[in-house]
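Just below is one structure, and these are the notes that go with it.
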Amino acid sequence: MKVRFTPKHKRKNTKRRLKGHSRFNKNIPILAPLERAIKQLTPSWQACIPLATLIVLVWGYAAVAQDAPPASTDKVTQDLQSLRVGIDTLWVCIAAFLVFFMNAGFCMLETGFCRQKNAVNVLSKNLIVFAISTVAFWAIGFALMFGDGNPFFGTNGWFLSGADNSPAMGDAYQGVFGALNWTGVPLGAKFLFQLVFAGTAATIVSGAVAERIKFVDFLIFSLLLVGIAYPITGHWIWGGGWLAKAGFWDFAGSTVVHAVGGWAALMGAAFLGPRLGKYQNGVSIAMPGHNMSIATLGALILWLGWFGFNPGSTMSVNPSIAHIALTTNIAGSLGGIAATITAWLYLGKPDLSMIINGILAGLVGITASCAFVSLPWAAVIGAIAGVIVVFSVTFFDRIKIDDPVGATSVHLICGIWGTLAVGLFAEGPAGALNLYEEGLGPIKGLLLGGGFQQVWSQIIGIVSVGGITVLLSTIFWLALKATLGIRVTAEEEIQGLDISEHGMEAYSGLLKEADDTGLEMASSGGTQRSQGFI
């Protein structure tokens, strides 16, 4: 056996190399490379090591200290409820934004359907009407419609005031807006969603009275409609009033919004009379819109907005949203197809204005029943609405009710049809599709074997809402006619309401050019118009 000895001089060198090592490092050789790596760092970096170690230790302690004890069942339930309220509120607000954007659709549609010389006037009316609607509905409309009161109108909640513990629901709700205690969102969300519906009703009137009404009279009428007429009938149906108790159903507003706006529009068009030159020697003279491109864009915007209008009326996130969106879309699609075919056969050409109004007719027609009918029946409702609107437009033309955009045909006639369709095609509670439970929708429709009861309830609602809206609208229009006069002069109408009412033109940049001084001057084919009807 051989024993190796390290030479003395080598043993000294080894001691010299290990001189700086601690006893701990001798026992844990793996730390030696780490120490050498640290020594290779600059002094600044070496100084950072203790600081970084301290930070890591503090973070670790904080993380441990913040570990919450296991949550109680009540805490979990409360958090889930808060999450549900937040999601429902977000959905209601998004739907309200979509419906609000429909104002842009009405702007484009009505402007395109009217003549160029009245474009600014139409845009101005559609823009300011929502501002007026906001004030009127906030001050008195919302209280009349949803405030606690009697079966005919609310008497509490003026200026959105009064007790309210929303989003509490059902028996837990304590406040003055008991008619909306079925939805678990804050009061602000409830008001916002109902406000955009009220604004839509007022906007419907704008198209029917276009190109000859005084601007100030339209503003006053809109204030009265949204502040008084619309919320009173709305209270009957959505505010827990007498029609709701009588079994009348209108899910998203074929009657509450569209027919009410249509009745008011019809009375306005009747009291105003036709545009100059519209009827000559008993013949209706075509006055085509000046820009069908933006009219088509307006129709598409409205179509998009309807996905907030109808599905948003759930006012909560639930599985029925998808079904409502599908019934809405298929009815609008079938309305457009049916109107195209009908116009092609009846008028000889697939008129674009009829295609547009056919789509809108289908959307209006399905609005009352979108949550209550199956997809095949939604297609039938939309197709019938598309046929009706073509004949309705020509009917009003024959009786000399001048409606430049067809608002009465789309919103009034198809709104009535859509309301009646609930009584014909409703699936019934716990039906084959199980769309809704008992008490949350109409009884089974006539064509599905449910008898005539629901049809009768719908007819009562159609007649009563139409009667009171015609009465109030007539009072409003006659009062304005007797005091301010509701129609512009013949000279102003010929010149165009853009100049006479607003002092500007919608397309002035296309009608004028600058001379060499940089000042604008009228071109030969620009602002100088003939005295004919343009």
Side-chain angles (χ1 to χ4, degrees), residues 95 197 200 234 237-238 243-244 246-260 262 303 306-315 318-335 338 358-389 410-462 465:
F197 275 54
T200 299
I237 302 167
W238 289 348
L243 274 179
F248 178 87
W249 287 92
D250 182 2
F251 183 77
S254 285
T255 285
V256 175
V257 179
H258 296 286
V260 166
W303 197 342
W306 241 284
F307 291 117
F309 206 99
N310 288 0
S313 294
T314 60
M315 296 191 76
N318 62 66
S320 65
I321 290 174
H323 177 79
I324 296 170
L326 285 175
T327 56
T328 299
N329 188 65
I330 198 168
S333 301
L334 266 294
I359 292 171
L360 300 181
L363 294 169
V364 170
I366 196 61
T367 296
S369 62
C370 54
F372 307 140
V373 299
S374 63
L375 290 180
W377 287 124
V380 171
I381 293 170
I384 293 176
V387 174
I388 289 174
V389 75
V410 170
H411 298 280
L412 172 57
I413 302 303
C414 293
I416 292 174
W417 158 242
T419 305
L420 186 61
V422 174
L424 298 174
F425 307 112
E427 192 73 21
L433 298 178
N434 196 27
L435 295 179
Y436 51 95
E437 299 175 4
E438 188 74 37
L440 299 181
I443 62 175
K444 187 175 294 186
L446 174 64
L447 297 184
L448 277 71
F452 195 75
Q453 181 179 347
Q454 191 61 54
V455 174
W456 179 242
S457 297
Q458 299 305 107
I459 292 174
I460 292 175
I462 291 169
V465 170

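Heads up: numbering here begins at 1 and tracks the sequence. The structure displayed is predicted, hence computed values, not measured ones.
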Is the shortest heavy-atom distance from the side chain of Asp250 to the side chain of Val257 under 4.5 Å? no
If you compare all heavy atoms of Leu435 against all heavy atoms of Val373, which two are closest, and at what distance to 0.1 Å? CD1-O, 3.7 Å
Full working for side chain to side chain contact (heavy atoms under 4.5 Å, CB included) between Thr200 and Phe197: CA-CA 5 Å; Thr200 299; Phe197 275 54; 5.5 Å; no
Straight-line distance of Ile366 CD1 to Trp377 CH2, nearest 0.5 Å: 12.0 Å
Between the main-chain N or O of Val422 and the side-chain N or O of Ser369, is there a donor-acceptor pair closer than 3.5 Å? no
Sub-3.5 Å donor-acceptor pair from the side chain of Glu438 to the main-chain atoms of Pro429, do we have one? no
Restricting to non-hydrogen atoms, name the atom on Glu427 and the atom on Leu433 that form the minimum distance, rounded to 0.1 Å. OE2-N, 3.8 Å
Taking every non-hydrogen atom, the tightest pair across Ala426 and Leu448: O-CD2, 3.7 Å
Does the plane of the ring in Phe309 sit parallel, tilted or perpendicular to the ring in His258? Use 30° and 60° as the thresholds. tilted
State the OG-CD1 distance between Ser313 and Ile321, to the nearest 0.5 angstrom. 10.5 Å
So do Val389 and Ile413 actually touch side chain to side chain, heavy atoms under 4.5 Å? no
Between Ala361 and Val410, the two heavy atoms sitting closest are N-CG1, 4.1 Å
State, with a plain yes or no, whether a side-chain heavy atom of Ser333 is found less than 4.5 Å away from one of Trp303. yes
Correct closest heavy-atom pair for Val387 and Ala338 would be CG2-CB, 4.0 Å
Within the 4.5 Å heavy-atom criterion, are Val256 and Val260 side-chain neighbours or not? no
Rounded to the nearest 0.5 Å, what's the gap from OG1 on Thr255 to CG on Leu420? Could you check? 9.5 Å
Give a yes or no on whether the backbone of Gly418 and the side-chain of Gln458 come within a donor-acceptor separation of less than 3.5 Å. no
Pick one: which of Ile359, Asn329, Leu360 meets side-chain contact (heavy atoms from CB on, under 4.5 Å) with Trp306? Leu360
Should Tyr436 and Ser320 count as side-chain neighbours, where that means a heavy-atom distance under 4.5 Å? no
So CZ of Phe248 and CD of Gln454: to nearest 0.5 Å the spacing works out to 9.0 Å
Can you name the closest pair of heavy atoms from Pro311 and Ile324 and give their distance? N-CG2, 3.5 Å
Is a donor on one side and an acceptor on the other found under 3.5 Å between the side chain of Trp417 and the backbone of Ile381? yes
Between CG on residue Leu424 and CZ on residue Phe452, distance to nearest 0.5 Å: 9.0 Å
Could you point out which residue of Asn310, Thr314, Thr367 forms a side-chain contact (heavy atoms from CB on, under 4.5 Å) with Phe251? Thr314
Expected output: side-chain His323 to main-chain Ser374 donor-acceptor under 3.5 Å: no
